[in-house]
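Below: one structure, written as structure tokens.
Convention: sequence-line order gives letters A, B, ...; per-chain numbering from 1. In what follows, every heavy atom counts, from backbone to side chain, and hydrogens, waters and symmetry copies are set aside.
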Amino acid sequence: MSYPRKIKGFRDIDANMNQLRWKIINSAAKVYKKYGFEHYDTPVLEYSENLGKYLPDSEELAEGVYSFNNPELEPKFDNKGAEIRDERNNVVMENHYLTMRYDLTAPLARLYAESLWELHKHKQVQEGKTPLLRRYQYGQVFRFEAKLDPGRFREFWQLDFDTVGTDDITTDAEACMILADALEEIGLKRDNYIVKVNNRKIIKGLLISLEITEDADEQNIMRIIDKADKIGMQGVAQELGQGRVDEKSKAKIEGLNIDNEIVDQIMGFLSDFSEINTRANILEKLNSKNIDNQTYTEGVSELTKIDEILSALNFDENRVIFDPTMIRGMGYYTGPIFEVEYVGTYKDSKGRKRKVGSICGGGRYDGLVEKSLGMKVPAVGASIGVDRLAEILTLTKQTPELAQGPVIIIAFDDNLMTEYQKIAYELRTKDIEVEVYYGSRKNLKKQLSYADKKNCPIAILIGENEFNNGVATVRNLKLGKELASQITDKKEWRERVQSEVKRENLTEEILKMI
RNA sequence: GCCGAGGUAGCUCAGUUGGUUAGAGCACCAGAUUGUGGUUCUGGGGGUCAUGGGUUCGAAUCUCAUCCUCGGUACCA
């Protein structure tokens, strides 16, 4: 015997949850296809080195992912793909590190790099002329997080679309449109979501103008700015400077100890955008800044282009806004970044009001494929967090109606099992979903409760009497449910929802009812 | 990781200043209904009070440790 239990952060999904999940996936996929994306899949497990530098033996970087040694011994390769040999010229074997995918973007980069590997080796593809790939993909991704926030799991689904092989900024604008369209197709109302757009080049350009050019500093500063909506502008200023003490938790948070003057400049820049503002106003403000390095200028002109396209297609401020304080966590983004926030709150199981936060994210990552291919390949994409969205739809009671169950054939009499099977098979050839009741408890009440729970539309009752008379009793469970609240007299109710039909007409009658 | 709050039936929880046999609602099972869903009514099963030690005549209740859960905070490629 063992104690049956699940790993923390992993879930079982029942029929209702699956119904909602696949509604989300099918709706979004429909939109992705409309824009010309094709459906790809990649394995759940990858060689760790292909997913980035997150190896289990480098403590810091292994955090947050599931990695382990491959039980299979395989040849060791150098980074050009050649087998490494020892002094006796034998191939060196090792157990490679494997990692469960933590998103769908890194595996895409691997897939794309792999497909170009040989061509690139023989110099048959040139930078700037790499093939175009537009794919969408959905599936589980895995992250190890010690403590889970509400609505977050260690295994969760993402629903990505990416365009690899072009640096045309139009695809970035398109990504925003796709996110908006997909969410509306899923059923979100227009004022329940907002796509937020920023460009990493703008903050980067600002930092360059302040003579902050170290990668680590830049990352740290961006990380703190990203927390603005959580800790407030004052909190950001404190964490950039001397640090702060969180009031609620009394936690001491160390600051970056940046000079006051520079902190003031950064805060001054950000606070200019703190008021909700139109895209045009934000662009105007960005242009008016006295910053003239190339990174900054590029960032602003890219945003300008995105605004042009969005505006021309009537994607207005009620769907897509610019937010110069939005950063996003993933380190591989190099240009425009997107995030979708669910607007509004919900009440959790204890009645507490909660904010939802972001439900989609994405951006341009022009350097990711290069890491494994050794050649620059521009790419942009975004992802819908399926489980988060499902959670929100459930909590705000926007779930689809319970799916209709199968027609149920009540098993009265074991001797009639062959007859039940014949009826079921006959109906199935007409594309009707049918189930013969197999439960061990055969009393009628039990069987009808079972049918009720599965939302069965019709029950077919054939006992010895019916069989001998060549008839079947058919009960309309769907109608019965509707009438249950109106009719109190059981006898009358039964007469309304139940009828006897001839055995040879049964299939025909069921087809009429369903 | 840090701070705080918790752990009592399958689920949600109540349980007085320590005092007989630890309760409720939901769910489950059965009957009222001699083969007929919902509602209603009646009855029934189900708990090593997270685990281990301590205090006490006596512990779900006080105490210590451990484990786990939740909230906040930090981290999040």
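A:Gln219 comes within contact range of no nucleotide atom at all, as no heavy-atom separation falls under 4.0 Å. In this structure, A:Lys454 reaches neither bases nor backbone, as no heavy-atom distance under 4.0 Å exists between it and the strands shown. Within the 4.0 angstrom heavy-atom criterion, no nucleotide atom of any strand lies near A:Ile410. At a threshold of 4.0 angstrom between heavy atoms, the contacts of A:Asn476 include nucleobase atoms, whether or not backbone atoms are also involved. At the heavy-atom level, A:Arg328 lies nowhere under 4.0 Å from the strands shown. Among the heavy atoms of the strands, none lies under 4.0 Å from A:Ile462. Within 4.0 Å of A:Arg223, counting heavy atoms only, lie sugar-phosphate atoms of the nucleic acid but no base atom. Residue contacts for A:Lys478: at a heavy-atom cut-off of 4.0 Å it reaches no nucleic acid atom on any strand shown. Within the nucleic acid shown, A:Asp103 has no heavy atom closer than 4.0 Å to any nucleic acid atom.
Atom name P, nucleotides B:U8 and B:G4: the rounded distance is 22 Å, in whole Å. For the C1' atoms, the distance linking B:G52 with B:A5 amounts to 23 Å, nearest Å. Across the P atoms, B:G54 and B:U42 are found 47 Å apart, a figure rounded to whole Å. Across B:G23 and B:G46, the matching P atoms stand 13 Å from one another, rounded to whole Å. For the C1' atom pair drawn from B:U51 and B:U69, the interatomic distance equals 15 Å after rounding to whole Å. One P atom belongs to B:U61, the other to B:U55, and the distance between them is 15 Å to the nearest Å. B:C64 and B:U21: their C1' atoms are spaced 30 Å apart (whole Å). Across B:G47 and B:C13, the matching C1' atoms stand 14 Å from one another, rounded to whole Å.
Using modelled atom types and a 3.5 Å distance limit, the side chains of A:Tyr450 and A:Glu435 yield a donor-acceptor pair. Side-chain contact, A:Gln137 with A:Arg135: a donor N or O sits under 3.5 Å from an acceptor N or O.
In this entry the distance linking CH2 of A:Trp493 with P of B:U33 reads 17 Å, nearest Å. A:Ile327 has its CD1 atom 17 Å from the C1' atom of B:C75, to the nearest Å. Between A:Ile253 atom CD1 and B:C75 atom P the separation is 7 Å, expressed in whole Å. As rounded to whole Å, 16 Å separates atom C1' of B:C68 from atom NZ of A:Lys6. B:U39 atom C1' lies 11 Å from atom NZ of A:Lys445, rounded to whole Å. Per the geometry, CD belonging to A:Gln238 stands 15 Å off C1' belonging to B:U73, to the nearest Å. The CZ-P distance, from A:Arg152 to B:G71, rounds to 13 Å in whole Å. Atom CD1 in A:Ile231 sits roughly 15 Å away from atom C1' in B:G72 (whole-Å rounding).
The side chain of A:Lys453 places an N or O atom within less than 4.0 Å of a non-bridging phosphate oxygen (OP1 or OP2) of B:C28. A sub-4.0 Å separation between OP1 or OP2 of B:A74 and a side-chain N or O of A:Arg244 is present.
Checked against B:G37, B:A77, B:U69, the side chain of A:Arg143 finds its nearest nucleotide in B:A77.
For the salt bridge (Lys or Arg N to Asp or Glu O under 4.0 Å) with A:Arg364, the lone residue among A:Asp167, A:Asp162, A:Asp172 that qualifies is A:Asp172.
Using a 4.5 Å heavy-atom threshold, the side chains of A:Met222 and A:Ile203 count as touching. A 4.5 Å side-chain heavy-atom check between A:Glu464 and A:Asn415 finds every atom pair outside the cut-off.
Pairing of B:G23, defined by two Watson-Crick or G-U wobble distances under 3.5 Å, is identified with B:C13. Base pairing of B:C28: its partner is B:G44, meeting the Watson-Crick or G-U wobble criterion (both donor-acceptor distances under 3.5 Å). When both pairing distances are held under 3.5 Å, B:U73 makes a Watson-Crick or G-U pair with B:G1. As the counterpart of B:U61, no nucleotide is assigned, since no Watson-Crick or G-U wobble pattern has both distances under 3.5 Å.
The two residues A:Leu270 and A:Pro324 come nearest to each other via the heavy atoms CD2-O, 4.2 Å.
A stacking contact links A:Tyr102 to B:A77: the aromatic ring centre lies within less than 5.5 Å of the base's six-membered ring centre, and the planes differ by less than 30°.
In this structure, A:Phe37 has its ring center under 6.0 Å from that of A:Phe161.
Between A:Phe142 and A:Glu466, the one whose closest nucleotide on RNA chain B sits nearer the 5' end is A:Glu466. Comparing A:Lys227 and A:Asp452 by the nucleotide of RNA chain B that holds the closest heavy atom to each, the one mapping nearer the 5' end is A:Asp452.
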- How far apart are the C-alpha atoms of A:Lys201 and A:Glu298, what are their side-chain angles, what is the distance that settles it, and do they pass the salt bridge (Lys or Arg N to Asp or Glu O under 4.0 Å) test? CA-CA 7 Å; A:Lys201 288 179 183 174; A:Glu298 267 177 32; 3.0 Å; yes

